[in-house]
Protein chains: 2
Amino acid sequence: MSKQTLPMFPAGEGCCAPMAREPLGEDDAAELARMFKALSDPVRLRLLSLIASHEGGEACVCDLTGPFDVSQPTISHHLKVLREAGLVGSERRGTWVYYWAVPAALNRLSGLLQAPVRASVPARSGA
Amino acid sequence: MSKQTLPMFPAGEGCCAPMAREPLGEDDAAELARMFKALSDPVRLRLLSLIASHEGGEACVCDLTGPFDVSQPTISHHLKVLREAGLVGSERRGTWVYYWAVPAALNRLSGLLQAPVRASVPARSGA
DNA sequence: CTCTTGTATCGACACCTGTCGATACAAGGC
DNA sequence: GCCTTGTATCGACAGGTGTCGATACAAGAG
């Protein structure tokens, strides 16, 4: 049962073993790559940070189109990509649609990237 | 390039504020997106985990071509992408070229993705 | 109902990416 | 010197991605 069973985790505690501990399997790598791909665009990264840092933890699309130079359909497209990657959730409430970040997904990626302390390999840093 | 002054950080402590704390600036988003893009491919993700989890913290390219179904030039290409993103370093030692993960880069991304504990937003209803 | 505003989808385009085989370069053994 | 092995680069190709304008859908106001 190495799959995650908890819906949410305390911040700072990843759900999964850091990738530095053991090599990723093909399936895990494929799924994680899809999530990272959603983060691989500057607009999406800013959208996600805008949503996650918005008061109340969620933001209306109307709050998200202003800060960018791209068109409204493009914003909508990027939000869809983030949603399909499982990084944000969304819900229509009356006229507006609200988006929020999914902490479990972010913490999963965060935990995966945590590098271990390697006291035994000091000189390798940098170039 | 080097906005950060510290070359390395203790594992588990990101160098930057989580993106959920404040919106990313355009420049930061562009740089981070480049790093995430390097992680957005299953082969590269497995390569990185293979390198990071390898004994001694580094791996020869000869250790990396075996586990994959893709050709040697493709592996070389992916390693170059990881290196140009600052996620791994490399060095030729004699006949072989060795790669290692860059902990500072991984921890930077890890810290960025840490979701805060939002006790005030438990389910989608209250808000 | 019609009109207006907020959001999503569609179709098209230029550009980027992952992959390969062929080939070049690097280093050591002979 | 030449040959072998390890790694990188090149050139080309199919497929994917970000962007737009046009348009469709959703919901409230009048």
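Naming convention: chains lettered A, B, ... in sequence-line order (proteins, then strands); numbering from 1 in each chain.
Nucleic acid contact class of B:Phe68 (heavy atoms, under 4.0 Å, all strands): none. Within the 4.0 angstrom heavy-atom criterion, only backbone atoms of the sugar-phosphate kind lie near A:Thr95; the bases stay farther away. Nucleic acid contact class of B:Tyr99 (heavy atoms, under 4.0 Å, all strands): sugar-phosphate only.
Distance OH/A:Tyr98 to CG/A:Asp63: 7.5 Å, rounded to 0.5 Å.
When side chains are defined from C-beta on, B:Val81 does not count as touching B:Asp41, because their heavy atoms never get closer than 4.5 Å. Residues A:Pro67 and A:Leu50 are in side-chain contact: their nearest non-hydrogen atoms beyond the backbone lie under 4.5 Å apart.
Of all nucleotides in DNA chain D having an atom under 4.0 Å from a heavy atom of chain A, the first and last in 5' to 3' order are D:dT17 to D:dG28.
Looking only at distances, a side-chain donor or acceptor of B:Ser40 sits under 3.5 Å from a matching main-chain atom of B:Lys37. Under the 3.5 Å distance criterion, the side-chain polar atoms of B:Arg92 are matched with a main-chain donor or acceptor of B:Thr95. For the pair B:Ser49 (side chain) and A:Leu24 (backbone), a donor-acceptor distance under 3.5 Å is present.
Mapping A:Cys60 and B:Gly94 onto DNA chain C via the closest heavy atom, the residue that lands nearer the 5' end is A:Cys60.
Nearest approach of A:Thr65 to A:Gln72, heavy atoms of both residues: CG2-CG, 4.3 Å.
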What are the atom names and distances for every N/O pair under 3.5 Å that joins the protein to nucleotides 13-19 of chain C?
from   : atom 1 : to      : atom 2 : distance (Å)
C:dG18 : OP1    : B:Arg44 : NH1    : 3.4
C:dG18 : OP1    : B:Arg44 : NH2    : 2.7
C:dG18 : OP2    : B:Arg44 : NH1    : 3.3
C:dT19 : OP2    : B:His78 : NE2    : 2.3

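Applying the side chain to side chain donor-acceptor pair (under 3.5 Å) criterion to B:Arg44, with sequence neighbours excluded, gives B:His78.
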